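All remarks here apply to the structure that follows.
Naming convention: chains lettered A, B, ... in sequence-line order (proteins, then strands); numbering from 1 in each chain. Bear in mind the structure is a predicted one, so any value in this text is a computation, not a measurement.
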Amino acid sequence: MSKIENVRVRFAPSPTGPLHIGGVRTALFNYLFAKKHGGAFLLRIEDTDSTRFVEGAEAYILEAFAWLGIAFDEGVGIGGPYGPYKQSERKSIYKKYVDELLEKGLAYYAFDTPEELDAMRKRLEAEKSRSLQYDASTRQDMKNSLTLSPEEVKEKIENGTNYVVRMKIDPGETLVVNDLIRGKVEVQSDILDDKVLYKSSDGLPTYHLANIVDDHCMKISHVIRGEEWLPSAPLHVLLYRYLGWSESMPAFAHLPLLLKPDGNGKLSKRDGDRLGFPVFPLQWKDPKTGDFSQGYRENGYFPEAVVNMLAFLGWNPGTEQELFSLEELAEVFSLERVNKSGAKFNLDKALWYNQQYLHKKSNEAILPAFKSILKEKWDTGVMGEDAKNEAAILISNEKKLLQIIGLVKERMHFTKEFWEQTYFFFVAPTTFDEKVIKKRWSAETPTHLQQIVALIAEEPNMDATVLENKVNLFIENNALNMGKIMNCLRLSLVGTSMGPHLWDIVEIIGKEETIKRIDFACKTISC
RNA sequence: GGUCCGUUCGUCUAGUUGGCCCAGGACGUUAGGUUUUCAUCCUAGAAAUCAGGGGUUCGAAUCCCCUACGGACUACCA
């Protein structure tokens with residue numbers, strides 16, 4: 001696939017809360033597209049709605065991408081030649097273009113109060129009017145610079161009356177958006193309303209104007225964003241024209257939405273709480289309510305797994321390969337392979353991806369996670385208090401810990417499962433699974449186990465294979481029931497019928513501990 | 001309501017220039033195998049009349065039309 005020159009794309013979130021995985025995927029696709037073509041990927045913060053600003057949201061966004069390994073080339077927190085990258089810091093830039101549109105007669109002042117706007121909609125509704133919009137068919141009945149005399153307008157502005165600037169859209173024109181994913185989309189200008197571009201209340205533009213001005217000033221080549229923007233794309237095309245920038249207008253690509261796993265509709269924050277999976281990359285604490293929302297990071301997902309899983313929602317490489325690193329994704333990514341229809345989020349697949357990445361990791365790579373869980377368990381006292389006990393010795397033996405990881409890694413999906421998979425290496429069972437006792441334990445079991453204890457006791461070489469061969473030979477020679485003996489042995493050492501190869505466990509916990517546990521089980525279990 | 005977008009196994013999807021597709025892969029699911037156990041792993045299977053209907057064509061999941069259904073948007077939010 002040929003490279004496109006001078007690619008510059010941006011991710012432009014609003015700091016109105018934590019970043020949701022739909023947004024993360026949009027950012028990811030932008031990033032991949034930029035890397036694929038050797039272009040630049042920028043982060044712009046769209047904070048033109050001062051009323052919705054949420055403390056900490058911006059820091060959250062930066063931290064989330066740092067965790068995911070998605071790096072920006074320019075933008076908030078990084079800097080760059082086209083800054084500032086935060087819209088609230090670009091006020092004066094927008095004002096210039098608002099004035100230009102006003103001068104050209106492509107925009108006008110409107111003084112209607114929220115109550116008056118509300119009344120207008122109610123009136124239109126009552127009249128069964130087809131459109132409830134502020135547009136060419138209704139603006140002549142409202143208070144704006146098209147209906148008021150120049151003197152009245154001047155007076156109102158000088159009096160400090162709040163106003164907005166609306167884009168003047170005339171009917172009867174077909175607007176065309178050439179979308180890279182959806183093809184040609186046509187819309188009649190009649191259905192567009194006279195969008196508010198600027199509000200005097202805070203001196204800031206609204207999304208539509210700020211977006212177009214910034215994309216132009218920052219030399220954005222491709223606008224890759226969610227499908228929810230498709231309906232307003234024709235308006236944006238028109239704005240580029242109003243500002244005389246049609247020639248350099250970026251290409252558009254509207255991504256399919258991420259949908260709820262059950263039912264239909266956009267994936268939302270609530271779905272995560274309701275269905276019990278994270279909707280955010282990182283945990284988020286709502287500064288107002290203090291409520292926590294789960295995050296992939298805190299739930300134990302690897303960033304590589306989250307990236308890989310997200311990349312496959314709405315896109316695929318067209319081959320049967322499913323595991324891709326971020327670098328590999330950047331190599332094969334293309335917008336032509338992005339789907340048109342929305343993708344339902346699938347938790348099972350997310351789990352599977354994490355498992356795949358866990359299995360791919362070296363034992364050394366996940367040792368720190370194992371150690372921190374062990375430390376936490378040690379601190380809570382579940383392994384006893386004696387600083388020199390068996391568990392303490394084992395914890396300090398890195399070689400053994402790596403050996404244990406090798407034994408249990410394949411059985412896990414997350415590193416957080418370490419304790420449930422390895423507790424028996426550190427803590428002797430005190431209770432025994434009743435079901436196993438019922439099924440396997442019998443009156444003569446203690447006798448047989450003691451015979452095996454004797455075999456273990458005399459064995460100088462505590463090697464898993466050596467012990468296995470020795471005990472198997474004993475079982476065969478005495479015509480004992482292999483399944484029964486082995487399960488009772490496991491029950492004695494682990495407390496239940498789960499876990500890795502028995503003799504590997506014995507090799508690690510050692511002769512003394514093994515014998516101690518079997519003795520305890522024989523004394524404790526009665527039938 | 002209006003406008004726009006979409007519709008292949010339960011889910012993510014392959015299928016882009018019509019024939020190799022009575023539709024392939026993955027997740028999940030079922031069965032069997034491996035294992036002393038659980039998990040992993042391996043093998044096999046079930047699972048989409050390609051939303052429905054009508055065309056065009058020797059031939060359509062792939063092209064055209066209609067219908068249905070779903071979604072997004074419809075703020076001085078982004």
Return no unless some side-chain N or O of [X] is found under 4.0 Å from OP1 or OP2 of [N].
X	N	value
A:Asn346	B:G28	no
A:Lys344	B:G10	no
A:Asn487	B:U36	no
A:Arg337	B:G15	yes
A:Asn316	B:G15	no
A:Thr48	B:A78	yes
A:Arg166	B:C76	yes

With both distances under 3.5 angstrom, what nucleotide forms a Watson-Crick or G-U wobble pair with [N]?
N	value
B:A48	none
B:A60	none
B:C27	B:G10
B:U36	none
B:G70	B:C5
B:C21	none

Between P on B:U13 and OH on A:Tyr353, what's the gap in Å once rounded to a whole number?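 Result: 11 Å.
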Rounded distance (Å) that lies between atom C1' of B:G15 and atom CH2 of A:Trp315: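 Distance, rounded to whole Å: 16 Å.
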Using a 4.5 Å cut-off on heavy atoms from C-beta on, say whether the side chain of A:Glu507 contacts that of A:Leu407.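 No, too far: nothing below the 4.5 Å cut-off.
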Face-on cation placement of [X] at [Y] ring, 6.0 Å and 45° thresholds:
X	Y	answer
A:Lys361	A:Phe302	yes
A:Lys168	A:Tyr108	no
A:Arg166	A:Tyr134	yes
A:Lys269	A:Phe280	no

For a quick check, tell me whether the side chain of A:His501 and the base of B:U36 share a donor-acceptor pair closer than 3.5 Å.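 Counting by modelled atom types and ignoring angles, a donor-acceptor contact under 3.5 Å is found here.
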Does the B:A72 base have a donor-acceptor partner in the side chain of A:Lys266 within less than 3.5 Å?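 No such pair is found, so the answer is no.
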Determine the contact category for A:Tyr207: base if any of its heavy atoms lies under 4.0 Å from a base atom, sugar-phosphate if only primed atoms, P, OP1 or OP2 are that close, otherwise nothing.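 Result for A:Tyr207 = base.
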Categorize A:Lys340 for me: base, sugar-phosphate, or nothing, with a 4.0 angstrom heavy-atom threshold over every strand shown.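 Counting heavy atoms under 4.0 Å across all strands, the contact made by A:Lys340 is with sugar-phosphate only.
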With a 6.0 Å cut-off on the ring centroids, do A:Tyr207 and A:Trp229 count as close?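 Close enough - the centres of the two rings lie under 6.0 Å apart.
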Tell me whether the centres of the aromatic rings in A:Phe29 and A:Phe333 are closer together than 6.0 Å.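 Ring-ring flag for A:Phe29/A:Phe333: true, centres closer than 6.0 Å.
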Enter the distance from A:Thr48:OG1 to A:Tyr94:OH here, rounded to the nearest 0.5 Å.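 Nearest 0.5 Å value for the OG1-OH distance: 7.5 Å.
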Which of these nucleotides, B:C4, B:U37, B:A75, is closest to any side-chain atom of A:Arg121?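 Ranking B:C4, B:U37, B:A75 by closest atom to the A:Arg121 side chain puts B:A75 first.
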Among residues 250-261 of chain A, which residues get a heavy atom nearer than 4.0 Å to RNA chain B?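 Here the set is A:Leu257.
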